Amino acid sequence: MIVCVCKSVSERQIKACLDAGASTMEDLQIDLGVALCCGKCGPYVQEMVSGATPCCGRSCGGCCQSAQVETSTEAVVMTQELALAA
């Protein structure tokens with residue numbers, strides 16, 4: 001997926017740069033030029049740098065939204081099991 005449209009930088013390129021040792025937003029700006037033109041990709045790139053899973057806003061099964069649903073489901077199941085045990 002293209003993250004920075006202005007510089008045509010993909011998520012894969014950013015991950016590779018992070019794997020190669022980049023550890024700050026400034027490193028990615030120097031290496032790839034992200035978030036230097038319009039800046040719209042900045043928050044997403046910053047989430048990648050900080051190690052958070054950037055959320056695309058879709059329920060695709062591979063992002064933070066599906067993890068939240070899974071956690072909520074586990075909490076409900078645990079609550080039901082505790083109620084049955086009592």
Side-chain angles (χ1 to χ4, degrees):
M1 170 178 88
I2 296 293
V3 173
C4 178
V5 176
C6 298
K7 297 289 184 172
S8 192
V9 178
S10 70
E11 186 173 337
R12 185 178 294 172
Q13 288 172 293
I14 294 169
K15 286 179 182 178
C17 198
L18 291 169
D19 290 343
S23 60
T24 65
M25 180 71 148
E26 291 78 24
D27 290 341
L28 294 176
Q29 288 175 321
I30 292 167
D31 295 343
L32 301 173
V34 295
L36 291 176
C37 291
C38 75
K40 289 183 180 179
C41 64
Y44 189 88
V45 174
Q46 186 59 52
E47 286 182 18
M48 292 181 74
V49 169
S50 66
T53 304
C55 191
C56 62
R58 293 184 236 149
S59 296
C60 61
C63 68
C64 60
Q65 284 187 352
S66 59
Q68 289 172 353
V69 170
E70 188 174 309
T71 303
S72 298
T73 304
E74 289 172 9
V76 169
V77 170
M78 288 180 64
T79 303
Q80 290 173 343
E81 288 174 354
L82 289 173
L84 291 173

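Every value quoted in this text rests on a predicted model; they were computed, and no experiment measured them. We number each residue from 1, following the sequence as shown.
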Discussion item. Less than 4.5 Å apart, side chain to side chain, heavy atoms only: is that true for Leu28 and Leu18?
Written reply: yes
Worksheet item: Do you know the tightest heavy-atom contact between Cys41 and Ala35?
Response: SG-N, 3.3 Å
Discussion item. With rounding to the nearest 0.5 angstrom, report the OG to CE distance, Ser50 to Met25.
Written reply: 10.5 Å
Practice prompt. Answer with yes or no whether the hydrophobic clustering places Leu36 together with Val3; edges join I, L, V, M, F, W, Y residues whose side-chain heavy atoms lie under 4.5 Å apart.
Written response: no
Worksheet entry | For Val49 against Ser23, the heavy-atom pair lying closest together | CG1-O, 3.4 Å
Worksheet entry | Heavy-atom side-chain proximity of Glu26 to Gln29 below 4.5 angstrom | yes
Worksheet item: Within a strict 4.5 Å, meaning less than it, do heavy atoms of the Val45 and Cys4 side chains meet?
Response: no
Discussion item. Hydrophobic clustering (ILVMFWY, side-chain heavy atoms < 4.5 Å, transitive) - are Val5 and Met1 grouped together?
Written reply: no
Worksheet item: Is there side-chain contact between Lys7 and Val34, with at least one heavy-atom pair below 4.5 Å?
Response: no
Fill in: Set of residues satisfying salt bridge (charged side-chain N to carboxylate O under 4.0 Å, His left out) with respect to Lys40, sequence neighbours excluded
none
Practice prompt. Can you measure from CD (Gln13) to OG (Ser8) and round to the nearest 0.5 angstrom?
Written response: 7.0 Å
